[in-house]
Amino acid sequence: MKRAILLTAAISATLALSACGASSDPTSTAGGGSTASSGSGAVVVGSANYEESVVLAAVYAQALKDKGVTVTMKNNIGARDVYIKALQDGSIDVIPEFTGALLSKLAGSNPNKDADSTYSALQKALPADLTVLEKSAATSKDTVTITKANADKWGAKAIGDLVAHQSEITFGGFSEFATKEPGLTTLKNDYNFVPKGFQPFSSSTALAAALKNGQVQAADIFTSSSDQDPATFVVLDDPKGSFGSQNVVPLLNKSKVTPTVTAALNAVSAKLTTDALVSMTKAYTVDHKDPSAVATDFLKSVGLS
């Protein structure tokens, strides 16, 4: 999966986090203004080191700042093990998460298929000092994506529709999709879909290009990826829930949960959609806009700023 490729800086990030504690340089503060790393009203917003997390952290930070909360940002912390520890030791106070992935990390597996059961199970699996607020409709999860041309040619709307054409399909994805769950084994077990071959890629952009030019005929492109092109691609329905639920949700240290923080972040979750997340990620990664500017634009567009 993409996160396994992008989270290679976890060790160095851990050392940096240990050295810095809860402080942050002024350039990483959301929305400008003064920084703060202590005090009962101050909140440190963290992000993992992949693009969706950086953008979402900026949205959380700006939403809190708009409500008068003093905010410091600490981006690119590293992998899940690192930032959960940072939440628990108070180095950060809140970070964007994804329900299914976090549940799998905490519980060792995630048999839940739908969004509500995944969220409910996650709430029960959390350590006593952590909590999640309301989940959003936005997701970042694996897909089976094909071109509109092939969708029309094959009459394909759902993953199972590819079975009749599997001898024509080379599947593209990150290398671990071939061996890990969810992946090719999931597609075989749930849909009896076994493509004629698998081609690994090291970037989502290269994967999307290969799908467009016909090098592969189906691909695992994340729902939140800026490479998801609705003008060219079709994300096939997953009626069996093979890829689970990966709704964006704020994960917090309980000591920082206040009515103001809760209201601000729940308001974001109520407005956040997958399309909005894709648009923001593209603005950051492709258009090279500053994350704080991307966050401000989003919050204004949905009436929260």
Side-chain angles (χ1 to χ4, degrees), residues 2-3 5-7 9 13 24-36 43-78 83 92-98 101 133-141 203-205 208 221-231 246-252 261 263-305:
K2 178 172 61 176
R3 292 186 178 77
I5 302 297
L6 294 172
L7 297 180
S24 177
D25 67 81
T27 60
S28 68
T29 301
S34 61
T35 65
V43 173
V44 182
V45 179
S47 80
N49 55 343
Y50 55 88
E51 57 264 31
E52 294 99 331
S53 186
V54 171
V55 168
L56 288 166
V59 172
Y60 289 171
Q62 190 60 51
L64 290 168
K65 189 173 184 293
D66 286 345
K67 297 302 181 183
V69 179
T70 303
V71 176
T72 300
M73 290 194 71
K74 190 177 292 294
N75 282 326
N76 301 312
I77 293 173
Y83 62 70
I92 62 173
D93 302 314
V94 58
I95 195 166
E97 254 293 6
F98 300 90
L133 299 182
E134 293 180 5
K135 61 179 171 61
S136 73
T139 66
S140 181
K141 66 178 184 177
S203 78
S204 181
T205 300
I221 302 177
F222 272 71
T223 54
S224 62
S225 173
S226 58
D227 294 300
Q228 273 290 1
D229 181 3
Q246 299 288 354
N247 297 81
V248 176
V249 67
L251 176 65
L252 298 88
V261 168
L265 297 183
N266 282 347
V268 169
S269 291
K271 297 291 187 179
L272 187 64
T273 64
T274 302
D275 286 345
L277 181 54
V278 170
S279 179
M280 287 191 288
T281 302
K282 183 178 180 181
Y284 171 49
T285 59
V286 178
D287 302 332
H288 306 295
K289 293 187 68 174
D290 186 84
S292 63
V294 174
T296 297
D297 289 347
F298 166 72
L299 292 170
K300 286 181 178 178
S301 74
V302 295
L304 295 179
S305 179

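Numbering starts at 1 and runs along the sequence shown.
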Taking the side chain from Q246 and the backbone from A101, do they hold a donor-acceptor pair closer than 3.5 Å? yes
Please check: side-chain N/O of T296 versus main-chain N/O of S292, any donor-acceptor pairing under 3.5 Å? yes
Closest heavy-atom pair and its distance - A208, D227: CB-CB, 3.8 Å
To the nearest 0.5 Å, atom OG1 of T273 lies from atom CZ of F298 at 7.0 Å
Let me confirm one number: the CG-OH distance from D290 to Y284, rounded to the nearest 0.5 Å. 8.5 Å
Any side-chain donor paired with an acceptor under 3.5 Å for T223 and T139? yes
Result of checking N266, L272, V248, N247 against K135 for side-chain contact (heavy atoms from CB on, under 4.5 Å): N247
L56: which of T281, L277, V45 passes side-chain contact (heavy atoms from CB on, under 4.5 Å): L277
Could you report the tightest heavy-atom contact between A63 and L299, atom names first, then the distance? N-CD1, 3.6 Å
Examine distances only and state if a side-chain atom of Q228 and a backbone atom of I221 form a donor-acceptor pair shorter than 3.5 Å. yes
Y60 OH to L251 CG distance, which is reported to the nearest 0.5 Å: 9.5 Å
Hey, what do you get for NZ (K300) to CD (Q62), rounding to the nearest 0.5 Å? 9.0 Å
Can a donor-acceptor pair be found, under 3.5 Å and without considering hydrogens, that links the side chain of D66 to the backbone of S305? no
Looking only at atom types and distance, does a side-chain atom of S47 sit under 3.5 Å from a main-chain N or O of A57, one as donor and one as acceptor? no
Minimum heavy-atom separation for G78 to Y83, with atom names? O-CD2, 3.5 Å
Checking V43, V94, V59 against L265 for side-chain contact (heavy atoms from CB on, under 4.5 Å), the one that qualifies is V94
Provide the closest heavy-atom pair for V261 versus L252 in the form atom of the first, atom of the second, distance. CG1-CD2, 3.7 Å
Look at the side chain of S140 and the backbone N and O of S224, then say whether any donor-acceptor pair between them is shorter than 3.5 Å. no
Checking S53 side chain against A48 main chain: does a donor-acceptor pair fall under 3.5 Å? yes
On a heavy-atom basis, which atom in I77 and which in G46 lie closest, and how many Å separate them? CD1-CA, 3.9 Å
Closest non-hydrogen atom pair, P250 against E134: CD-O, 3.4 Å
